[in-house]
Structures are given as structure tokens and as C-alpha cells.
Amino acid sequence: MIDILFKLGFTLFLPTFLPWLFINIFLSFKLRHKRFEMIEAIAVSAPKKFRTRAKLMLDSNFSWVFASSAAYAWYVYLMLRFVWNIPRCEILDWRKRAGRSYGRYETIYKVFSYLVNVSVFSPLSGCLCTFITLWYLGLGTEGM
């Protein structure tokens, strides 16, 4: 069972990683001249509680396109919603504004964000399911 989860995670990761890598490079190259104004627009449209962190995340990340997809990332949504206590409508508004800042490349950006979710979440979910299964069965918990 555990082996199947790892194989499933890998089979979801492999076909999604290369396309999102190429889209990331494409968007970074195409939008390199508008980079700083887009970073500012995306950071300003972030929820008020998270605005300074969003700016820091966009400025410090090697790939600003990848960092800007945080508005669409499933795990970031959970963090913002339940750890930062940010209302759902503010997160959805940030998503819309971040997507609009890409202009005619908005659809490509949304595909990129979806591929990031699948490629990052599939190995994480496989590992998490494996850990929960081992914990539930009482196996592999000697070091805990």
C-alpha cells in the first residue's frame, strides 16, 4: 500500500514538473521588463495581514513567477485561511488580482499554478499518507 502511494505521487509529479518548469522560464523571460511593477501590484493586492510577507516572498524568491503563484497554491490557501485567519473572500480577491496582473498571459499563469499544485502536492500527499498509515499501524514510530 505504501509503495503504491509513493508510485502514485511520483507518477503525478513527473508529468507536471517539466511543463511548469518550462512555463516558469517562459513567463519569467516574457515578463522580465514588467517584473518589478508586477511584483508590486501582486504584493499590494495581497490580504492586508499578509501584505509585507507577500512582498518579502516575491522579492526574495529566486523565481518571482513561482512566488506569485502562492495565491493559487493549495497549501498556502490553508495556511492563510486557518493559521493567519484571513477570510476566504480576501484570498480569492488576491487570486483574481494576481492573475489580472499577468495580462494576456493570465491563462498560462493559471495553468502554471495548477501544475505547481499537482507537482508539489502529489509527493507531499504521498509522504503524508505514508506517515499517517505508519503511525496508525504503529510501525516506524520508534524514533518519535
Does any N or O in the side chain of W94 come within less than 3.5 Å of the main-chain N or O of I42, such that one atom is a donor and the other an acceptor?
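Such a contact is found between W94 side chain and I42 backbone.
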
Test side-chain contact (heavy atoms from CB on, under 4.5 Å) applied to K96 and R100, step by step:
CA-CA 6 Å; K96 287 178 191 171; R100 273 190 249 132; 3.6 Å; yes

Side-chain heavy atoms under 4.5 angstrom apart, residues restricted to Ile, Leu, Val, Met, Phe, Trp, Tyr: same cluster for [X] and [Y]?
| X | Y | value |
| --- | --- | --- |
| M57 | V83 | yes |
| V44 | M38 | no |
| W64 | F62 | no |

Test log, rule side-chain contact (heavy atoms from CB on, under 4.5 Å), inputs S68 and I39:
CA-CA 8 Å; S68 71; I39 286 175; over 6 Å; no

For atom CZ of R95, is the number of surrounding heavy atoms from other residues, nucleotides or ligands below 6.0 Å larger than 12?
yes

I'd like to know whether CZ of R32 has more than 12 heavy-atom contacts from other residues, nucleotides or ligands below 6.0 angstrom.
yes

With sequence neighbours left out, what residues match Y105 under ring-ring contact (aromatic ring centres under 6.0 Å, His included)?
F26

Side chains of T107 and Y102: do they bring a donor and an acceptor to under 3.5 Å?
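The criterion, which ignores hydrogens and geometry beyond distance, is not satisfied for Y102 and T107.
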
Centroid-centroid distance, Y114 to W20, less than 6.0 Å:
no

Taking the six-membered ring for Trp, are Y109 and Y72 ring centroids under 6.0 Å apart?
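Yes, close enough.
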
Per the side-chain hydrogen bond (donor to acceptor under 3.5 Å, both in side chains) rule, what does the pair list look like for residues 34-52, sequence neighbours excluded?
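Every side-chain hydrogen bond (donor to acceptor under 3.5 Å, both in side chains) pair that includes a residue of residues 34-52, provided the two are not neighbours, is E40-K55.
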
